[in-house]
Amino acid sequence: MKNEFDLSGRVAVVTGASSGLGADAAIAYARYGADVALLARRVDKLGKVASEIEAMGRQALPLACDVIDEAQIKAAVEQVIKHFGKIDILLNNAGIAIRGTVEQLTVEDWDRAMNTNLRGMFLMAKYVVPHMRERKYGRIVNMASVNAVIADKNEMLARHVYNASKAGVRGLTLGMAASYGEDNITVNSIGPGLFESEMTQNTLFANEQFMRFYNAINPMSRPGKRGELNGTIIYFSSDASSYVTGQHIIVDGGTAIV
Ligand SMILES: NC(=O)c1ccc[n+]([C@@H]2O[C@H](COP(=O)([O-])OP(=O)(O)OC[C@H]3O[C@@H](n4cnc5c(N)ncnc54)[C@H](OP(=O)(O)O)[C@@H]3O)[C@@H](O)[C@H]2O)c1
């Protein structure tokens with residue numbers, strides 16, 4: 001019987017694969033049968049993820065790539081296609097969180113966050129989409145955040161450029177989904193709530209006051225556990241979602257509904 005979630009024979013590209021949610025997703029792709037190209041700036045960390053994937057009998061291609069740099073993105077996409085012959089899945093996951101209100105943020109903060117979180121996704125798509133269109137197949141998954149749709153008044157948590165960049169990811173996803181449906185390319189986004197990662201472990205998770213607040217407003221009274229995002233990533237990346245495009249799934253234990 002066909003398993004719609006099976007990714008055997010597929011090639012996935014994951015940006016921000018050196019830690020956190022991206023590393024977990026890359027390993028999940030391999031577990032579902034895909035070969036994976038791993039992109040990030042820290043190649044030593046990519047090497048560790050690659051070893052885990054190879055130990056599972058799948059191929060991994062670690063590539064140094066700063067998503068702020070168009071030339072590096074173009075070169076990385078070319079290398080993946082040369083190495084694997086194709087790209088079926090793109091998980092646009094690389095991102096940074098910079099705290100601050102519009103009054104506190106510098107222009108440099110704003111540009112760095114927007115260039116990483118939003119312009120980086122545009123550039124990855126710019127070089128991957130023509131290849132997917134040619135092959136009439138593609139699954140693009142863009143990592144947004146629950147912070148695309150919720151905010152709160154606490155100064156310590158206010159992250160205006162993060163909110164803006166993640167809402168931008170949502171808009172980019174809609175536009176791309178509308179343009180490329182006829183090419184059999186689906187484009188969806190995911191809005192994680194709070195998950196432990198390099199981004200959050202020394203900031204939000206280390207802040208008892210914040211954790212009490214998060215657990216109090218969260219219907220499940222806890223942050224996400226490692227791996228709890230993978231089901232949604234695999235769904236959007238596989239044939240299980242072949243007629244689903246332009247959609248956004250929030251994986252946050254219900255924070256955004258209250
Ligand atoms: N954790 C959460 O609670 C949460 C919630 C909502 C959304 N998210 C989103 O999930 C995604 C992954 O975050 P995470 O929580 O897993 O944090 P993380 O552990 O800090 O991972 C971020 C990843 O992005 C990469 N990255 C950052 N800047 C980059 C650049 N200029 N070029 C290439 N890669 C870059 C990092 O790799 P290098 O440093 O090696 O380049 C790293 O692999 C982000 O988009 C984040 O906004 C996370």
Side-chain angles (χ1 to χ4, degrees), residues 12-29 36-42 45-46 49 63-70 72-73 76 89-100 105 108-128 140-151 157-174 176 187-205 223-224 226 228-230 232-233 236-237 248-252 255-256:
V13 176
V14 179
T15 69
S18 58
S19 66
L21 305 178
D24 282 351
I27 291 162
Y29 279 143
V36 193
L38 308 162
L39 275 56
R41 295 165 301 181
R42 292 170 299 171
K45 291 215 158 213
L46 290 179
V49 181
L63 291 173
C65 179
D66 185 336
V67 297
I68 287 182
D69 187 324
E70 182 179 3
Q72 287 187 34
I73 286 180
I89 300 161
L90 169 62
L91 176 61
N92 263 323
N93 163 79
I96 55 169
I98 298 181
R99 243 182 359 229
L105 290 164
E108 289 73 27
D109 290 334
W110 179 272
D111 289 346
R112 192 156 59 88
M114 291 301 273
N115 288 347
T116 307
N117 298 357
L118 188 53
R119 182 174 174 272
M121 289 195 188
F122 145 63
L123 288 174
M124 283 301 302
K126 180 174 174 60
Y127 290 101
V128 170
I140 298 178
V141 184
N142 294 328
M143 199 64 85
S145 166
V146 70
N147 292 123
V149 292
I150 62 167
L157 291 178
R159 296 187 290 181
H160 292 178
V161 69
Y162 189 73
N163 297 138
S165 66
K166 294 301 186 178
V169 170
R170 185 71 202 110
L172 178 65
T173 301
L174 287 179
M176 285 176 56
V187 190
N188 293 289
S189 56
I190 299 179
L194 182 64
F195 284 81
E196 194 162 3
S197 70
E198 282 185 14
M199 180 183 280
T200 55
Q201 66 199 3
N202 297 323
T203 52
L204 301 179
F205 274 85
R226 199 167 167 197
E228 282 188 314
L229 205 56
N230 291 340
T232 308
I233 293 173
F236 277 150
S237 304
H248 184 59
I249 295 185
I250 297 181
V251 184
D252 72 341
T255 310

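Just so it is clear, the values below take in all heavy atoms, side chains as well, and ignore hydrogens, waters and symmetry mates. Bear in mind that the values here come from a model prediction, so they are computed numbers and not experimental data.
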*Please report the closest heavy-atom contact between Met176 and Ala125, naming both atoms and the distance.*
CE-CB, 3.6 Å

*Under 3.5 Å, is there a donor-acceptor pair between the side chain of Thr116 and the main chain of Ala113?*
no

_Non-hydrogen side-chain atoms of Trp110 and Ile98 separated by less than 4.5 Å_ = no

*Find the distance between CG (Leu63) and CG (Leu46) and round it off to the nearest 0.5 Å.*
8.0 Å

*Not counting sequence neighbours, which residues clear side-chain hydrogen bond (donor to acceptor under 3.5 Å, both in side chains) with Asp109? List them please.*
Thr106

*Rounded to the nearest 0.5 Å, how far apart are CE of Met124 and CG of Leu91?*
10.0 Å

_Backbone N/O of Leu21 and side chain of Ser197: donor-acceptor pair under 3.5 Å_ = no

*Kindly compute the distance separating OH (Tyr29) from CD1 (Ile89), expressed to the nearest 0.5 Å.*
5.5 Å

*Pairs where residues 19-28 contributes a residue and the test salt bridge (charged side-chain N to carboxylate O under 4.0 Å, His left out) is met, not counting sequence neighbours*: Asp24-Arg226

*Quick one: side chain to side chain donor-acceptor pair (under 3.5 Å) pairs with a partner in residues 160-171, sequence neighbours left out?*
Asn117-Ser165, Arg170-Ser189

*Taking Asp252 for the side chain and Pro192 for the main chain, is one N or O donor matched with an acceptor at less than 3.5 Å?*
no

_For a quick test of reading the model, state the closest non-hydrogen atom pair linking Asn93 to Met143 and the distance between them._
OD1-CE, 3.5 Å

